[in-house]
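The next block holds one structure in the form of structure tokens; read it before the comments.
Naming: A, B, ... by sequence-line order, numbering from 1 per chain. Side chains included, hydrogens not; waters and symmetry mates left out as well; all remaining heavy atoms used.
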Amino acid sequence: MAEWFKEHGEKDDVVLSTRIRLARNLKGIPFPNKMNADDAQRGIDLVEGALEEMNYTFTKVDLPSMSQAEKQKLVEERYISPNLASSSLPCAAYISEDQKVSIMINEEDHLRIQCIYAGFEEQKALELIGRVDDYLSEKLDYAMHEKYGYLTSCLTNVGTGMRISYMLHLSATVMSGAADSVFAAVAKLGATVRGMYGEGTKSAGNLFQISNQTTLGRSEAEIAASLGETLGSIISKERELRAKLSEKKGLILEDRIMRSYAIVRSARIMQSKEMMDRLSDVRFGIGLGIIDDADYTTLNDIMICASPAHISADFGIDGAVERDVKRAEMLREALNR
Amino acid sequence: MLCSNCGVKDANFHYKHISGGQLTELHLCSDCAKELGYIKDSDAPFGLGSLFGDFLSSPKAPSQTALRCPQCSTSFDSVRRTGFLGCDKCYEVFSKPVESMLAKIQPSTVHKGKLSGADGKKIARDNTLKNLKEELKRAIIDEKYEQAAVLRDKIKELEAKEGENNG
């Protein structure tokens, strides 16, 4: 099975990915912010024991033996968080054979179970992560509370422990200067907008993550439905603005898109930020039907495979300039087929 | 200044505690100060005793469980400052500040989502029973005896199942 970013998904003109994570903790063991190395190892052993008996195969990612670039590669593919990659505690990650589910041990909580799909796939993701969680809850003693449900180390995750995040490409919203007002409206509806890799990270290439802000007091289905509604309005707004921009600035917009497309197919040196910005234009061009010989999946794939840590780890290139040369070469290869 | 325990009322009791060279400052409302054993009932709320309580009398030692979690030694000051708890036990030990902090950041403080695993299923059963018993009470008050009989049977059935599960 291929990684999530090599697949197609619904509504992928705007939605790049659907990610759901559940925060779970084990009874009687201090949370990661308070645990010592022995506690941390005990948590890993317990989860590993439970996963071994499961008829959905997980492969352990041996984080302690990996280089920083290899770990960062998993961050770029969104299988692990930046926090886990830099953790000093004994920690572990497991990735399912179909590459849809990953489980992080000793991140902010003992378990962070995560499920990721390309495009908009709320139902599939809810169903799959629910199955993995149900199985683990039979094997492990989760920390639970009669009133608060699943207990987590931070009070912002208590209850369902669930965060649904959609990665969105909002080029027209940004270009039209509507981003601030759209994001303010999103916040009023109880959702949060963040940069590409989660909390505290910046946006690149007009990519944003929106997710539910609260986790307690509403069921998983209610949280999903409410965020889904917010997502629906963001998507309609973005599509509406794309149509407007295309109508008003047809030739100027087309020129900008085609220039970007020409550059990613010809450049000899390409920095990461420029790649993100150019690919954002190309993505817009595909959406408007101006570009018909490239597709969203190719863009998702190259965007991740030409990220800094991927180039460092896959080609053993450490220098920034050499990386930029390699990135340009990869882009030419991917987009000149 | 708000009470560092409940986070709701004004703090009118200020306590400094030196242990192992570490100075800890506590700011409590009179109710929490009483509950945590810093002042006696007769001292509250503004008697001389509460102002000089530390010096005039020897109040009983503050209960360790209330100051620090016995399982992970997280202090409630750190919970209040960071919103992070150290373990599952902290939720019992710091139940008051946790409840008031959750009320501020979450739409409700009652979990409505799924409950999985043995503990989760037990919590779900207990909640159902509790709700049925409340409905039964209401039905009796409203003199809806037929409905009450149905509810009573349901409760009996659930309790019998519970007995089987425990046995």
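With chain B as the partner, the residue from A:G130, A:G161, A:C154, A:A221 showing the most heavy-atom pairs under 4.5 Å is A:C154. If you tally non-hydrogen atom pairs under 4.5 Å between each of B:D119, B:N127, B:T82 and chain A, the highest count goes to B:D119. Counting heavy-atom pairs under 4.5 Å between each of B:A124, B:C72, B:S116 and chain A puts B:S116 at the top. In terms of non-hydrogen atom pairs under 4.5 Å with chain A, the most contact-rich of B:V79, B:I123, B:T74, B:T109 is B:T109.
Atom NZ of B:K112 is separated from atom CG of A:L216 by 11.0 Å, given to the nearest 0.5 angstrom. For the atom pair B:L102 CG and A:T215 OG1, the distance stands at 8.5 Å (nearest 0.5 Å). Atom CD of residue B:E92 and atom CG of residue A:L151 lie 9.5 Å apart, to the nearest 0.5 angstrom.
Within 6.0 Å of atom NZ in A:K60, more than 12 heavy atoms from other residues, nucleotides or ligands are found, so the atom counts as buried in its surroundings. Environment of CD in B:E159: crowded, with over 12 heavy atoms of neighbouring residues, nucleotides or ligands closer than 6.0 Å. A 6.0 Å sphere centred on NZ of A:K124 holds no more than 12 heavy atoms belonging to other residues, nucleotides or ligands. Around CG of A:D180, the count of heavy atoms belonging to other residues, nucleotides or ligands within 6.0 Å does not exceed 12.
The stretch residues 83-90 of chain B places B:G83, B:F84, B:L85, B:G86, B:C87, B:D88 near chain A, each with some heavy atom under 4.5 Å from a heavy atom of that chain. For residues 23-37 of chain A, heavy-atom neighbours of chain B at less than 4.5 Å comprise A:R24, A:L26, A:K27, A:G28, A:I29, A:P30, A:F31, A:N33, A:K34, sorted by residue number. Residues of residues 135-143 of chain A that come closer than 4.5 Å to chain B, counting heavy atoms only, are A:S137, A:E138, A:Y142, A:A143, ordered by residue number.
For B:S78, there are no side chain to side chain donor-acceptor pair (under 3.5 Å) partners two or more places apart in sequence or in a different chain.
Contacts between B:D126 and chain A at a heavy-atom distance below 4.5 Å are absent for every atom of the residue. Contact of B:E99 with chain A is made through backbone and side chain together, with heavy-atom distances under 4.5 Å. If you measure heavy-atom distances from A:Q213 to chain B, you find no contacts under 4.5 Å at all. For A:D39, no part lies under 4.5 angstrom from a heavy atom of chain B.
Smallest separation of non-hydrogen atoms from A:H145 and B:Y91: CD2-CB, 4.3 Å. Of all heavy-atom pairs spanning B:L115 and A:M144, the tightest one is CD2-CE, 3.6 Å.
Judged by distance alone, with hydrogens and angles left aside, the side-chain atoms of B:Q106 form no donor-acceptor pair with the main-chain N or O of A:G217 at under 3.5 Å.
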Go through it in stages, so that I can follow the logic: the residues are B:H111 and A:T160, the test is side-chain contact (heavy atoms from CB on, under 4.5 Å), and I'd like the CA-CA distance, side-chain angles, deciding distance and then a yes or no.
CA-CA 7 Å; B:H111 176 57; A:T160 56; 3.9 Å; yes
